[in-house]
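Remarks on the structure that follows.
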Amino acid sequence: MKGFLHSIESMGLVDGPGIRTIFFLQGCPLRCAFCHNPDTLKRVGGQEVTPQRILEIASRYRSYYGEEGGVTLSGGEPLLQGEFVYKTLELLKQEGYNTCVDTSGFGNPMYYSKIFPLVDTLILDVKAFDRESFKNLTTIDGFDSYLKFINDLECYGFRGQIWIRHVMVPGYTDNEQSMNSLIDIIKPISHRVERIEILPYHTSGVKKYHELGIPYRLEGVKPMDKHKAKEFEVMANKLFATTLQEERKAKERKRQEQYKKLKDREMASDKEKTEMISNLRKLPLLSDVAEEDLADVLKEVILTNIKAGDYIFKTGDPPEYMYLIYKGQMKIYYNTIDGEEQIFYIYTDGDFVGGLNLLEKTPYEYIGQALTDCQVVAIPKSIFDKYFYDSPIFLRSVLSKSFERIRQAEELIQRLSTSNASMKTAGLLLKLVKRIGVETDDGIRLELSMNREELGNYSGLRRETITRKLGEFKELGYIELVGNKVIIIKDIEALEGYVL
Ligand code: SF4
């Protein structure tokens, strides 16, 4: 595995925390008007190096790094050499180095989910604040994909801190409106932003353009006044601090609303509570809680009655609670851009949701809505952190639930990717057999909490199609329909034949 290296700064002080060795990699798809390193833009060139070689060089300076310092991969655009960057970071991390990547967000997305979990600090360059000026400054119509990159950073597994950088060009972005837009752009990642830096545009790279015979697009633009740039930096940081305060307040309001909503639906009867508690003790999830801690846990958890159709959580809800279904059925879904509902999972007695959100501190991505009247235990974050976070049994339960969900998601993709309505219907029935099927003398009985429309949303079919297919399966003797809410599977092998 080889990468293309432009140059090295052995002990840099500004590109990431502490003292760092900075490796400037070749290649960049952008053509920023103010780029002072036009010689790094070609993808191929410079010196060929292996990840091992980067490690060797870094090890020479390691004793200077101290607690904070380490290695920075910069460019050009380092993420363009995705595989090389991944392998290098992997090696560095194995050896315990602190890592930093300086990017403009235009690399090879194929490697993002491998790279980002290995990055401690991300220096994120913000070039411009709207589509038009982004295109003018970089020559690329890439503002939307840049915003998407920012939005997706955590989905790629990034859990580090972010330094925001903006090169301020006089006459372009040296105004208050730009600073406001900057704060808006970084909102999705604001909880990870550690600092905002405004770098004054300078003209020291112009000579290189003339030497390389490349036209310089900012010819005649004066360097940015350093003091003015500093004033804008202070302004941006103040605006950012205000945004963070507002976000914190909004979060607290939401948390209290959520708490009130759950408390309003809390069960009144002590008898109900006592019965539920003794039953819940049998679940693996709660079996690890010591007897002496149980009273504390029970004091804090909220035992709620949720009516069919009510929401338990919605997309974007902060990870404040995880939910354990004691009785009833809940659907987990999201609304597609066409306004259709796509159901992912149906959860029932003993299932839980939100454990991973609390572990990863990520908001809920989907919607949880009761299909039937449900009894749900809301476990608050404080109890989760105290009693569950380190429990091996709990972590095993979350892990096995995650595997189950991956399997279900794979089955769903398989179901949706086939255009054959018989296969989709048979696949859906088999899935329901696994989730809610009850063996009876007449066959496997499915008591449905979903109407035909929801069955369609679960299987990727229109309501009319699923109704027609169920009718056909009935004619063939595979199933029996008892009203709208009960299906009895008469010939499971025949259904399996469609899917296998
Ligand atoms: S992203 Fe950086 S390296 Fe690429 S053109 Fe812009 S300033 Fe130059």
Side-chain angles (χ1 to χ4, degrees), residues 3-9 12 14-16 20 22-47 72-82 84-85 100-109 111-112 115 119 121-150 153 162-170 172-174 178 182 185-186 196-219 221 223-224 229:
F4 297 96
L5 178 69
H6 173 268
S7 53
I8 303 171
E9 187 179 344
V14 292
D15 292 323
R20 315 188 70 84
I22 301 130
F23 295 89
F24 295 93
L25 305 187
Q26 279 290 142
C28 181
L30 303 189
R31 293 293 177 264
C32 300
F34 48 75
C35 181
H36 55 265
N37 284 324
D39 45 337
T40 62
L41 301 183
K42 279 196 188 139
R43 167 80 172 77
V44 180
Q47 190 190 339
T72 296
L73 301 180
S74 183
E77 170 51 76
L79 296 181
L80 206 56
Q81 299 190 44
F84 173 74
V85 166
C100 173
V101 168
D102 181 355
T103 179
S104 300
F106 285 84
N108 182 351
Y111 291 96
Y112 285 176
I115 289 172
V119 179
T121 302
L122 191 73
I123 300 178
L124 184 65
D125 304 317
V126 185
K127 304 292 178 196
F129 308 117
D130 61 68
R131 198 170 295 147
E132 208 42 44
S133 46
F134 190 94
K135 196 173 166 190
N136 283 340
L137 276 169
T138 65
T139 74
I140 301 250
D141 191 4
F143 190 62
D144 291 340
S145 51
Y146 179 72
L147 294 184
K148 186 172 176 334
F149 174 80
I150 292 183
L153 270 174
I162 299 176
W163 288 14
I164 299 292
R165 269 188 184 168
H166 170 66
V167 175
M168 184 172 269
V169 185
Y172 286 78
T173 57
D174 53 342
S178 295
L182 170 64
I185 286 174
I186 62 174
I196 299 171
E197 294 177 331
I198 304 294
L199 307 184
Y201 161 74
H202 59 78
T203 50
S204 62
V206 180
K207 212 170 122 229
K208 282 190 196 168
Y209 281 81
H210 295 160
E211 281 164 12
L212 292 165
I214 308 172
Y216 189 65
R217 306 208 307 280
L218 293 181
E219 207 73 66
V221 175
M224 177 77 202

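Atoms within a ligand are numbered from 1 in the order they appear, just like the ligands themselves. Values reported hereafter were calculated over all heavy atoms of this structure, with side chains retained and with hydrogens, waters and symmetry mates removed. Numbering starts at 1 and runs along the sequence shown.
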Against ligand 1, does [X] come closer than 4.0 Å with any heavy atom?
X    : result
H36  : no
N37  : no
T138 : no

Give the residue and atom name of whichever protein heavy atom lies nearest to [atom], and the separation in Å to one decimal.
atom                    : result
atom 6 (Fe) of ligand 1 : C32 SG, 2.3 Å
atom 4 (Fe) of ligand 1 : C28 SG, 2.3 Å
atom 1 (S) of ligand 1  : S104 OG, 3.3 Å
atom 2 (Fe) of ligand 1 : K127 NZ, 3.9 Å

Quiz item: Between D130 and S133, do the side chains contain an N or O donor and an N or O acceptor separated by less than 3.5 Å?
Solution: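 Indeed, the side chains of D130 and S133 share at least one donor-acceptor pair under 3.5 Å.
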Quiz item: Between D125 and H166, is any side-chain donor less than 3.5 angstrom from a side-chain acceptor?
Solution: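 H166 and D125 do not have a side-chain donor-acceptor pair below 3.5 Å.
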Practice problem: Mark yes or no for whether S104, through its side chain, and F106, through its backbone, hold a donor-acceptor pair below 3.5 Å. | Solution: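 No; zero donor-acceptor contacts below 3.5 Å.
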Practice problem: Give a yes or no on whether the backbone of G3 and the side-chain of Q81 come within a donor-acceptor separation of less than 3.5 Å. | Solution: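 Checked: no pair found.
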Self-check item: Distance (rounded to the nearest 0.5 Å) between T103 OG1 and I123 CD1
Solution: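 Rounded to the nearest 0.5 Å, the OG1-CD1 separation comes to 10.5 Å.
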Self-check item: Whether C35 has an N, O or S atom under 2.8 Å from atom 6 (Fe) of ligand 1
Solution: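 For C35, the answer is no, given that no N, O or S atom comes within less than 2.8 Å of atom 6 (Fe) of ligand 1.
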Self-check item: Electrostatic pair D102:R20 at N-O distance under 4.0 angstrom
Solution: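 The answer is no: the pair does not qualify as a salt bridge.
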